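Let me give you the structure first, and then I'll get to my questions.
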Amino acid sequence: MNKRTLTIIAILLALLFAGALIWGFTTKSKLEANYTEKSAEADQLAVLRDNLMQSVDSLETAFSQVSDENAELQGELTEAQETAKRALYDMRQAQRSRENDNNVAYQMRLQIEDLINVRTMLETSITELEEENQSLRESNVTLRRDLSTAKTEVYEATKENENLNRMNASMEADLERMTLGAFRATAMQVDLLRKNGSATANANRARRISVSFDLTNVPEDFLGVRPIFLVLTDESATPVISENPVQTKVIVNGAEKDIIALEGRDVNVERNQRLTFTHELDDKLEEGFYRAEIYTDIGLLGSAKVQLR
């Protein structure tokens, strides 16, 4: 093989290399611009790249054979090899870039899925919190209502206590003013009873009243048979009237006083004794405070209070 032939071969090879390089650069540019949309072309490019590498290997062998004959061609071959390597490097970089972009897209999809899960959890938590807040609001309303009821009950209890204190004060004043000194009823006990005889404070269940009291150390002047009357009044001092009331007059502080008693009877008053009045109620009593009073013909012997609810 003469020098001219080798020159022609070298020129042909150079043209081949130039054409391959131009095609490689063109393909590389297209791949860089459209690699996300043309993955199939990238795969084809990978096949072409492998073929080109094989061609380069063959060309390296051919150039090695003629390197001893033409130093000038050796230099051109070296330059062509470097150019081919650069083209291959650019092609590999383009492929790596596509792989990196695919990895970034995958990571972004994972992040989006995580964000969707977090949003779902937050929406669920918000719904649970709204339900809990609604329950707390309802509980708060109930507590406010209970507090209002409790305040009302405390107010009513305070009023009842005040009424009770006033009644006690009135009773004490009446006793001091109206009783007969040593001749008075002590240890008075007032019970409202059910039909079966058990005590009750329920206005709807009270069917009879029982009043017990002691007469102790009665002075000689008051011994003997005397009328004893049971009177029951409400908070306003209005007598509770039975179907057969006992209307009579007694002496209180030297003046006559009209009374309406539930019942009255003659009692042989002794020095010391305990007496009991049990009276069937004709009508149900209303809720409130009541005062049982024990009279004799010459004055008030004593009184005691009771409350029905």
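As the structure is a prediction and not an experimental result, all values here were calculated from the model.
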Other than I241, which residues form its hydrophobic cluster under the rule that side-chain heavy atoms must be closer than 4.5 Å?
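Traced through the cluster, I241 reaches I260.
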Could you tell me the separation between the CG atom of L230 and the CD atom of E263, rounded to the nearest 0.5 Å?
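Between L230 CG and E263 CD, I get 6.0 Å after rounding to 0.5 Å.
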By the salt bridge (Lys or Arg N to Asp or Glu O under 4.0 Å) test, which pairs, at least two apart or in different chains, include something from residues 187-208?
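Found R208-E280.
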Derivation and outcome, side-chain hydrogen bond (donor to acceptor under 3.5 Å, both in side chains), residues N196 and S198
CA-CA 6 Å; N196 60 10; S198 60; 2.7 Å; yes
Which heavy atom in E220 sits nearest to a heavy atom in R271, and how many Å separate them?
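Heavy-atom minimum between the residues: N-NH1, 4.5 Å.
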Can you name the nearest heavy-atom pair linking G288 to E235, along with the distance?
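Heavy atoms only, the tightest pair is CA-OE2, 3.6 Å.
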Indicate yes or no: at least one non-hydrogen side-chain atom of D297 is less than 4.5 angstrom from one of I251.
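Side chain of D297 against side chain of I251, heavy atoms only: no contact under 4.5 Å found.
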Non-hydrogen side-chain atoms of L215 and N272 separated by less than 4.5 Å
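No, too far: nothing below the 4.5 Å cut-off.
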Option from V267, I298, L301 for which side chain to side chain contact (heavy atoms under 4.5 Å, CB included) with R226 holds:
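In the set V267, I298, L301, the residue that makes a side chain to side chain contact (heavy atoms under 4.5 Å, CB included) with R226 is I298.
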Report yes or no: do D234 and S236 form a side-chain donor-acceptor pair below 3.5 Å?
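The answer is yes; a qualifying pair exists.
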Working to the nearest 0.5 angstrom, can you tell me the gap between Y290 OH and K305 NZ?
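Going from the OH atom of Y290 to the NZ atom of K305 covers 16.0 Å.
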When you check the side-chain N and O atoms of S242 and N244, is any donor under 3.5 Å from an acceptor?
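Absent: no donor and acceptor within the cut-off.
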Can you find a heavy atom in the side chain of D258 that is under 4.5 Å from one in the side chain of Q247?
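In short, these two side chains do not touch, never coming nearer than 4.5 Å.
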When the ring centroid of Y295 is compared with that of F229, is the distance short of 6.0 Å?
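Ring centroids of Y295 and F229 are no less than 6.0 Å from each other.
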To the nearest 0.5 Å, what is the distance between CG (L300) and CD1 (I294)?
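If I round to the nearest 0.5 Å, the distance is 9.0 Å.
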Look at the side chain of E293 and the backbone N and O of S303, then say whether any donor-acceptor pair between them is shorter than 3.5 Å.
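No: the side chain of E293 does not pair with the backbone of S303.
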Looking only at non-hydrogen atoms, find the nearest pair between V190 and A292 and report the distance.
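Closest approach of V190 to A292: CG2-CB, 3.8 Å.
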Counting only N and O atoms by type, is there a donor-acceptor contact under 3.5 Å from the side chain of N202 to the main-chain atoms of N204?
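Checked: pair present.
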Validation row: L262, V246 side chains within 4.5 angstrom (heavy atoms)
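No, too far: nothing below the 4.5 Å cut-off.
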Which atom of S210 lies closest to which atom of T276, heavy atoms considered
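That closest heavy-atom pairing would be OG-CG2, 3.8 Å.
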Connected via hydrophobic side-chain network under 4.5 Å: F222 and F213
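Shared cluster, yes.
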Are L281 and L308 linked, directly or through other ILVMFWY residues, by side chains that come within less than 4.5 angstrom of each other?
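Yes, same cluster.
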Which distance, rounded to the nearest 0.5 Å, do you find between the CG of N217 and the OG1 of T186?
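So the gap between those two atoms works out to 9.0 Å.
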Identify the heavy atoms of T296 and V250 that sit nearest to each other, and give their distance.
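Shortest heavy-atom separation between T296 and V250 comes out as O-CG1, 3.4 Å.
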With clusters defined by side-chain heavy atoms of hydrophobic residues (ILVMFWY) lying less than 4.5 Å apart, directly or transitively, does L193 cluster with I209?
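No, I209 and L193 fall in different hydrophobic clusters.
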